[in-house]
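To start, the structure itself, in structure tokens.
Keep in mind the model is a prediction, meaning the values are calculated, not measured. The chains referred to below are lettered A, B, ... by the order of the sequence lines, with proteins before strands, and numbering in each begins at 1.
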Amino acid sequence: MISDATLKRTHNCGQLRESDLDSEVRLCGWVRSYRDHGGVIFVDLRDRFGITQVVFDTPEEGDEAGKAMYALADSLRNEWVISVAGLVRHRGEDRINPKLDTGQIEVVSTELTVLNESDSVPFEPDSFTEVAEDTRLKYRYIDLRRPEMTRSMILRHEITAAMRSVLNEEGFIEVETPFLTKSTPEGARDFLVPSRMNQADFYALPQSPQLFKQILMVGGMDRYYQVVRCFRDEDLRADRQPEFTQLDLEMSFVTQADVMNITDKVLKKVCTVAGKEFPDQVPIITYDEAVDKYGIDRPDIRFEMLLHNVSDIVAKTDFKVFTGAIESGGSVKLICVPGGAKFTRKEIDAYTSFVADYGAKGLAWAKLEDGAFAGGVSKFLNADVQQQLRDAVGANDGDILFFAAADTDSVNKVLAPLRVKVAGDIGLYEPNSYAWCWVTEFPLVAYNAQQKRWDSLHHPFTMPSCDDLDALMADPGAAKSLAYDVVCNGTEMGGGSIRIHDRKIQEKVFELLGIGTEEAEEKFGFLLDALRFGAPPHGGLALGLDRIVMEMVSAPSLRDVIAFPKTQRGTCPLTGAPAEVDDDQLAELDLKIIVPHQK
RNA sequence: GGGACCGUAGCUCAAUUUGGUUAGAGCACCGGACUGUCGAUCCGGAGGUUGCGGGUUCGAAUCCCGUCGGUCUCGCCA
């Protein structure tokens with residue numbers, strides 16, 4: 001039986017300083033390491049707050065209690081949980097450990113209680129060993145004791161708290177929305193939940209609270225936010241989990257600029273909490289400019305090395321790859337890599353195989369050396385074309401040009417990742433720098449050639465920029481929307497839009513998207529209904545909390561900032577989820593497994 | 001659905017390229033020594049179905065086929 005007194009900590013393990021000398025203290029924590037010197041034992045005691053050194057001195061002759069304590073200390077092992085009472089003592093000037101915040105002092109133990117023993121752990125929760133990810137996830141409780149994980153969890157909490165505090169001050173209220181809701185046909189695949197009480201019916205877990213937050217606006221909530229889990233049943237990536245957390249917010253009677261301003265305030269506070277810079281003025285880039293110069297709608301603006309469209313210049317060459325692309329309506333774009341002429345054949349081949357992943361058939365290149373083009377496609381480019389290219393992109397001797405030629409979308413799709421890859425390889429930007437920007441004026445819709453229909457770029461509830469609905473229907477591809485994304489270092493951190501609050505416009509947009517009246521009624525009828533009863537103009541945005549934390553701690557994976565993440569196949573090594581269920585459970589849901597999976 | 005890489009002791013890795021003695025090392029673990037360490041040190045010990053299944057071979061961690069698991073990625077993710 002553990003006595004209550006042993007649990008009454010006076011301090012945590014990161015707290016004691018020189019100012020606490022001679023205090024009687026009690027600490028609880030985990031044995032991080034024990035160092036037995038025969039006549040003196042040191043224990044590093046760890047908790048979430050830090051590490052404090054505890055010392056066990058050789059007991060005096062005849063001190064039986066001291067001897068018992070020393071023997072107990074002698075038996076301690078890594079990761080045992082102990083409670084120590086003792087006296088704070090200065091280590092002595094030559095024994096200070098500068099690596100520890102508490103490194104000036106130590107606690108001389110006067111009483112030791114073992115609160116729990118530990119089997120020898122599958123891996124040491126230190127910062128020195130890289131442990132395989134599935135092992136870390138299986139023993140996540142050990143992994144969470146590692147300083148990096150502890151730090152990430154704490155920062156994640158602080159970031160969430162900062163978000164809430166800014167929005168609370170700005171008059172927002174946090175409202176919860178359902179997790180058991182209705183499947184929506186658009187967008188990602190839904191996670192389905194069978195309904196026991198409604199045979200053969202299913203709930204869906206929300207991909208986002210989009211419709212609910214709009215309805216909250218109709219309900220007069222005015223300013224809403226929610227730190228909320230979202231679910232999408234799609235394949236995973238390092239930066240994609242099937243369940244992830246958003247800071248979701250929505251505001252009534254606002255313009256796009258209002259939403260962006262609030263978001264800037266939130267992000268500023270978040271960055272301050274994380275000890276990072278945030279610009280006073282976040283650059284705003286239009287979608288068209290982003291795609292033109294960066295090849296992508298989430299530009300990494302930490303560095304230049306922009307894409308240049310050189311179709312006009314190379315149209316006159318005899319190089320069929322270039323002219324063919326242009327003649328069939330595509331383009332030729334390039335990036336000019338400063339100092340890239342020193343790339344070896346092997347390095348260029350590596351980039352060629354890199355772009356192949358993005359659908360490129362090859363990578364045309366030309367080095368600039370001694371006033372002329374050399375190698376690669378140089379022979380197709382006469383002196384005049386070479387000079388025009390130099391002038392157009394500001395290229396110098398020592399650079400290399402990487403060309404892509406195809407339909408413009410494909411060209412961008414290849415050059416955008418190549419630009420980022422090369423910049424990282426040659427160190428074009430500071431690894432610990434942050435560059436935020438807004439991307440605005442998104443197209444309302446994009447043509448889906450496969451399905452032969454117009455798809456929303458953002459979602460079907462996004463307000464078109466133009467008032468003229470006839471013009472919208474006549475040329476949908478030209479229409480812009482009141483949508484905006486916030487981007488950091490080439491990663492989309494959040495996005496939102498002004499929503500349609502007018503039922504007539506909403507119906508028109510559904511019509512454009514090929515969603516018939518009946519279908520719209522069945523799937524979004526509740527929203528259309530709400531729009532009939534005094535829906536205020538409103539708009540909002542959602543920030544990806546996991547991605548923001550990931551970026552703030554420079555983690556390579558989202559899994560490093562989520563306490564209990566899933567593996568790439570969507571499993572949880574800790575719990576074993578997902579798993580089979582009993583036939584009884586299935587029967588109760590009127591479900592039957594038709595094809596049993598192999599185990 | 002496709003591509004790439006990986007899987008050897010509890011953990012991190014070596015031995016695989018070129019098949020060949022008893023599969024090694026560090027950390028952790030167990031025992032011992034040591035009164036000032038701090039990723040303690042020193043001495044000793046134990047620890048292996050080389051993911052799994054099959055094949056080739058006199059002989060397989062090593063080569064081949066399949067399979068399972070992990071990671072990255074293309075597609076996918078309004």
Side-chain angles (χ1 to χ4, degrees), chain A residues 32-46 51-59 70 77-79 89 91-92 94-100 102-103 106 108 118-139 142-143 147 184-190 207-208 210 230-242 244 353-360 413-414 417 421 442 444-446 448 450-451 453-462 481 483 492 495 497 509 513 515 544 556-557 559 566-569 571 573 598-599:
Chain A
R32 189 195 72 152
S33 77
Y34 61 98
R35 299 177 292 278
D36 179 355
H37 285 257
V40 58
I41 297 169
F42 300 98
V43 167
D44 283 351
L45 195 62
R46 182 200 63 234
I51 289 171
T52 302
Q53 174 165 289
V54 177
V55 190
F56 298 88
D57 285 328
T58 308
Y70 192 85
R77 291 296 179 267
N78 284 338
E79 303 308 315
R89 177 167 81 184
R91 288 191 181 197
D94 53 340
R95 296 174 187 158
I96 288 171
N97 184 349
K99 292 183 197 165
L100 298 181
T102 62
E106 61 193 7
V108 189
S118 169
D119 287 354
S120 87
V121 286
F123 57 91
E124 289 298 301
D126 57 31
S127 348
F128 308 107
T129 321
E130 291 282 321
V131 180
E133 190 128 7
D134 46 338
T135 309
R136 289 175 55 197
L137 293 183
K138 182 171 181 188
Y139 302 98
I142 309 267
D143 193 41
T184 50
E186 308 261 329
R189 198 176 290 116
D190 285 319
Q207 295 177 27
S208 85
Q210 181 59 34
C230 303
F231 306 88
R232 293 176 192 179
D233 188 6
E234 296 293 344
D235 286 2
L236 280 71
R237 288 283 188 283
D239 62 350
R240 256 163 41 191
Q241 282 274 307
F244 59 98
S353 100
F354 175 83
V355 295
D357 283 347
Y358 295 87
K413 231 176 136 186
V414 164
K421 165 85 173 143
F442 280 78
L444 182 70
V445 291
N448 182 333
Q450 257 183 349
Q451 306 278 334
R453 62 160 196 240
W454 294 97
D455 283 347
S456 289
L457 211 71
H458 199 60
H459 58 53
F461 320 106
T462 300
S481 67
E492 183 192 330
S497 62
V509 170
L513 297 173
I515 303 174
S557 160
R559 295 183 296 274
K566 303 286 190 288
T567 66
Q568 185 151 44
R569 290 191 64 231
T571 64
Q598 310 293 317
K599 279 240 165 140

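- Legend: residues meeting salt bridge (charged side-chain N to carboxylate O under 4.0 Å, His left out) with R35(A), ordered by chain and number and at least two apart, are D44(A).
- Comment: R453(A) engages D455(A) in a salt bridge, judged by a side-chain N to carboxylate O separation of less than 4.0 angstrom.
- Side-chain proximity of T571(A) to the nucleotides G70(B), A28(B), C74(B) is greatest for G70(B).
- Residue K413(A) has a polar side-chain atom (N or O) positioned under 4.0 Å from OP1 or OP2 of G75(B).
- Across the protein-nucleic acid pair, D134(A) atom CG and U12(B) atom C1' stand 14 Å apart, rounded to whole Å.
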Can you name the atoms? Protein N/O to nucleotides 5-10 of chain B N/O, anything below 3.5 Å, with the distance.
residue: G10(B); atom: O2'; partner: P122(A); partner atom: O; Å: 2.9

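- Taking atom CZ of R240(A) as the reference point, atom C1' of U71(B) lies 15 Å away to the nearest angstrom.
- C11(B) atom P lies 15 Å from atom CG of D119(A), rounded to whole Å.
- For S353(A), the side chain to side chain contact (heavy atoms under 4.5 Å, CB included) test picks out no residue, with sequence neighbours left out.
- Side-chain contact between V55(A) and V40(A) is present, with at least one heavy-atom pair separated by less than 4.5 Å.
- Every residue was checked against the salt bridge (charged side-chain N to carboxylate O under 4.0 Å, His left out) condition with R232(A), not counting sequence neighbours, and none meets it.
- Contact between R89(A) and D57(A) at its shortest, heavy atoms only, is NH1-OD2, 3.3 Å.
- With sequence neighbours left out, D126(A) forms a side chain to side chain contact (heavy atoms under 4.5 Å, CB included) with E124(A), F128(A), T129(A).
- Distance NZ (K566(A)) to P (C72(B)): 16 Å, rounded to an integer number of Å.
- A60(B) and A15(B) are spaced 13 Å apart, taking the C1' atom of each and rounding to whole Å.
- Using a 4.0 Å heavy-atom cutoff across all strands shown, R569(A) reaches sugar-phosphate atoms only and no base atom.
- The pair E234(A)-R240(A) does not count as a salt bridge, with every side-chain nitrogen at least 4.0 angstrom from each carboxylate oxygen.
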Seminar exercise, completed: Each nucleotide of nucleotides 34-44 of chain B classed B (base within 4.0 Å of a protein heavy atom), S (only sugar-phosphate) or -, in 5' to 3' order, makes BBBBBBB----
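- Comparing P573(A) and H459(A) by the nucleotide of RNA chain B that holds the closest heavy atom to each, the one mapping nearer the 5' end is P573(A).
- For a distance-only test at 3.5 Å, the side chain of R232(A) fails to qualify as a donor-acceptor partner of the base of C77(B).
- Distances shown here put every side-chain N or O of R189(A) at or beyond 4.0 Å from the OP1 or OP2 atom of A78(B).
- One interatomic measurement links the two molecules: CD of E130(A) to C1' of U71(B), which rounds to 13 Å at whole-angstrom precision.
- In this structure, T135(A) and F123(A) have side chains that are in contact, with non-hydrogen atoms separated by less than 4.5 Å.
- At the heavy-atom level, Q568(A) lies under 4.0 Å from base atoms of the strands shown.
- With both ends at atom C1', the span from A4(B) to A23(B) equals 29 Å, rounded to whole Å.
- Counting any heavy atom pair closer than 4.0 Å across all strands shown, I51(A) reaches no nucleic acid atom.
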